[in-house]
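Here's the structure we're looking at; comments come further down.
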Amino acid sequence: MSAGTEKIDIIVSDIVKVNDLVTRFEFRRADGGLLPTFSGGAHTVVEMKDGEITRLNPYSLMSDPMDQTAYTISVRRDDAGRGGSLFMHHKVKKGDRMVISYPVNLFSLDLRARKHLMLAGGIGITPFLAQIKQLARSNGKFELHYACRTPALGSYVDELTAAYPNAVHVYFDDQQQVIDLDHLLDGQPLGTHVYVCGPKGMIEWVRKTAAALGWPREAIHYEEFLVPQSGKPFEVYLKRSGLRIRVGEHESLLEAIERAGVEAPYLCRGGACGQCETDVIEYEGEFVHRDHWLEPAERASGRKIMPCVSRFEGRTLVLDR
Amino acid sequence: MTIQFNDETFRGDYTFRNSPWAIKRFPFPFHEDSYMYSVNMERHRGGPKGSVYEKRFDVDEHYLSEMKDRALVLAEDPLRCQSLPHMALAGWDLLELIMVSKSEDYPELFDLHRNGNSWRWVNRPMGIDHSFTFLDEATLPYGPMEYITRQTQGDFAVLDQRDDNLWMDAGMVTTQADWSLDFDIGMNFFEWHAPVPLAHELNVFKRALKFLLNVQQGSPARRLNWTMTVNPLLDTSPENYPKWGIQKTELTPGNVGAKQHLRVELQTFFRLPRSNALVFPIRCYLIALQDVVSVPKWGRRLHRVIRDLPVELATYKGFIRNRPLIVSYLSQFDDGLPTSDGIWPDLESEPPLQKA
């Protein structure tokens with residue numbers, strides 16, 4: 001199988017500033033045709049050609065999964081990041097052509113659930129927007145608890161509370177409003193599934209609290225996209241390809257492999273799906289593992305690395321790629 | 001080309017036959033002179049013109065007769081078609097996938113007109129012209145999965161994806177190689193494959209599951225599987241084993257070429273967009289040994305594969321009892337010449353059988 005998924009040529013048909021940090025982008029097919037339907041929770045990987053660098057960042061689809069005329073995503077600006085969100089905010093213009101992947105869902109609804117309990121933090125609201133539209137069409141029962149920093153930064157709060165006044169609960173940090181998680185989880189009917197998308201700390205909090213209350217692991221669903229972090233440059237030898245490559249400060253190992261023209265598998269590019277798992281043949285130094293995929297024993301073995309988010313510091317790294 | 005549909009039976013008098021066209025395009029499953037399990041997946045995005053791989057859902061001369069046989073099986077045993085409550089959306093996904101694919105791939109046979117959720121489906125070979133509302137079950141005579149799979153060759157397992165596993169939560173299964181949907185319903189990938197010998201030790205299922213979980217929208221995959229069946233019987237189910245198992249004792253040196261069939265499954269895998277489920281169509285193709293050996297390369301190769309197959313596999317595939325008879329018959333069509341790589345018949349380039 002070749003790397004990634006099928007691609008779609010799109011035109012940026014609309015750009016809307018949602019608040020100081022978040023901007024929404026609308027994509028339509030460049031050939032005027034219909035986009036594939038998708039399932040709530042799916043993401044698309046957006047290709048950003050930024051000069052010499054090509055970045056591929058995943059963003060949750062937030063539009064109605066049944067709407068085949070356009071997709072929308074929301075991008076939160078990360079001033080300290082490697083530049084993907086800054087590129088989207090500052091360089092992408094209405095009418096630009098871009099390439100996105102077919103939808104991929106690593107955060108789908110469990111359709112057996114009698115009730116879907118959704119917990120969102122900040123920009124983690126986006127997959128829920130599509131899931132709520134899907135559930136609203138099929139009369140699915142859901143309840144959203146959404147934590148934001150301030151009313152000014154509460155993306156889509158007004159739309160959600162207007163459309164679903166009885167199912168949406170919003171919490172503002174600056175007003176010291178906090179989700180009463182113990183109480184919330186304790187009161188759910190049997191057959192409820194919990195979905196959480198937000199900062200790492202929030203996901204950990206929900207998983208730990210649910211586990212302590214005796215919730216089955218299978219009923220807790222979470223999605224956290226990591227973004228590759230910058231780090232010291234390092235060198236890698238790709239043994240199968242016979243290539244020595246250098247990973248720059250602001251580029252991921254996967255991006256450096258791709259830049260060298262070597263085809264490597266991937267899906268989420270956020271350390272979650274496992275698709276880019278790569279065998280380490282030889283190393284002398286320290287891994288900086290940042291994924292959610294490898295088990296502690298696999299990390300300790302020094303035989304695997306997830307090049308989409310993890311890095312290396314040391315003298316020698318030889319990969320089977 | 002226009003397909004001439006056969007009027008034939010897969011039970012009783014067994015009038016099923018393959019035309020010369022069907023023999024030439026048969027999906028012969030062995031790419032070399034031996035066989036072992038492997039994760040032999042490739043992308044399902046067309047194939048040589050006229051081959052069974054060309055279209056997303058192959059329609060051939062057996063279409064109408066296979067649909068009649070399916071209706072007979074369902075009338076006797078409605079549990080061959082089941083869908084757990086959470087799989088309704090996946091059923092609509094499947095209906096849409098098949099209707100869109102067939103109307104695009106066979107415009108002379110099928111039409112689909114869509115205006116929002118108001119759909120009209122025309123299936124000319126079966127004489128169906130039906131208007132209905134997409135996502136409204138009340139407008140169809142059956143559930144969406146049953147409706148469309150009563151009009152589509154092959155079995156269908158519709159698999160829910162959750163907890164990093166696949167779950168057999170819906171299906172239409174009437175042309176199966178001795179497995180039961182009613183027994184497997186609700187099982188996960190490892191549970192329903194538990195009876196298969198050797199493959200677990202080879203880690204085949206772990207690798208296959210990892211592959212299948214990552215089958216994405218727009219990128220369907222396919223593989224072939226095979227077994228052997230006495231008489232051209234589509235419904236070799238555990239439920240009906242008392243009816244067909246005994247037929248294995250009826251093989252003789254005189255009738256083995258006509259009665260013993262190679263049974264090949266073209267298995268495809270499509271991600272379903274709205275439900276994120278995976279559909280696994282399993283299309284069964286049957287061919288009598290006497291028709292296999294009409295292709296010299298296939299005659300040579302099938303003899304070698306069956307002769308050398310590990311005992312466990314011949315047992316699991318249900319023909320260990322008749323293997324000596326089958327090998328003895330096939331040996332007449334193996335002159336020891338080398339065979340070309342790959343599954344294609346290579347009729348122009350491979351030499352005819354050299355008589356001893």
Side-chain angles (χ1 to χ4, degrees), chain A residues 1-8 34-45 61 64-68 100-114 116 130-131 133-135 137-140 191 193 216-221 265-268 272-277 293, chain B residues 39-45 83-93 95-97 100 114 116-117 134-137 158-167 169-170 186 188 206-207 209-223 269-278:
Chain A
M1 297 292 275
S2 60
T5 56
E6 292 289 294
K7 304 286 165 54
I8 305 171
L34 294 177
L35 291 158
T37 52
F38 60 95
S39 48
H43 69 264
T44 183
V45 175
L61 293 166
D64 183 345
M66 296 278 282
D67 181 1
Q68 294 183 258
I100 64 172
S101 76
Y102 258 65
V104 171
N105 200 340
L106 302 172
F107 187 54
S108 62
L109 294 168
D110 190 323
L111 295 174
R112 297 172 307 164
R114 305 274 176 85
H116 304 273
Q131 291 183 335
K133 286 171 193 129
Q134 178 179 337
L135 288 171
R137 281 180 182 279
S138 57
N139 297 317
H193 278 248
R217 183 184 52 77
E218 297 80 10
I220 312 297
H221 310 265
Y266 68 83
L267 273 180
C268 76
C273 75
Q275 191 72 1
C276 71
E277 185 179 296
W293 177 256
Chain B
V39 183
N40 52 339
M41 309 272 193
E42 60 177 4
R43 298 188 86 160
H44 183 46
R45 42 167 26 169
S83 177
L84 298 182
H86 62 281
M87 299 302 281
L89 187 59
W92 286 108
D93 266 331
L95 175 140
E96 178 182 38
L97 173 68
V100 169
R114 287 183 283 182
N117 280 348
F134 188 68
L135 296 177
D136 181 356
E137 293 211 13
V158 187
L159 313 175
D160 195 20
Q161 179 158 334
R162 53 178 199 267
D163 313 333
D164 293 323
N165 212 323
L166 293 167
W167 304 80
D169 285 351
N188 72 33
K206 241 178 122 177
R207 281 185 294 142
L209 176 63
K210 193 171 172 185
F211 178 90
L212 293 174
L213 291 173
N214 280 315
V215 167
Q216 299 302 332
Q217 253 179 274
S219 307
R222 69 181 175 222
R223 69 182 288 258
F269 307 88
F270 295 82
R271 175 70 53 197
L272 296 175
R274 292 182 167 83
S275 59
N276 203 38
L278 193 73

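Protein chains get the first letters and strands the later ones, always in sequence-line order, with residue 1 at the start of each.
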Inset, instruction - Give the member of Ser108(A), Gly274(A), Pro103(A) that has the highest number of heavy-atom pairs under 4.5 Å with chain B. - result: Pro103(A)
Inset, instruction - With sequence neighbours excluded, tell me which residues meet ring-ring contact (aromatic ring centres under 6.0 Å, His included) with Tyr102(A). - result: none
Inset, instruction - Can you sort out the partners of His44(B) under ring-ring contact (aromatic ring centres under 6.0 Å, His included), two or more places apart, ordered by chain and number? - result: Phe270(B)
Inset, instruction - Please state whether the side chain, the backbone, both or neither of Asp110(A) comes within less than 4.5 Å of a heavy atom of chain B. - result: side chain
Legend entry - Test item: Pro36(A) and Ile8(A) side chains (from C-beta on) under 4.5 Å apart, heavy atoms: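 Contact flag for Pro36(A)/Ile8(A) side chains = yes.
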Inset, instruction - Could you walk me through whether Arg137(A) and Met66(A) pass side-chain contact (heavy atoms from CB on, under 4.5 Å), step by step? - result: CA-CA 9 Å; Arg137(A) 281 180 182 279; Met66(A) 296 278 282; 3.2 Å; yes
Measure [X] against the heavy atoms of chain A and call it side chain, backbone, both or neither at under 4.5 Å.
X: Arg162(B); result: side chain
X: Asp163(B); result: side chain
X: Leu89(B); result: side chain
X: Leu213(B); result: neither

Legend entry - Arg112(A) with Glu218(A): basic N within carboxylate O range, under 4.0 Å: no
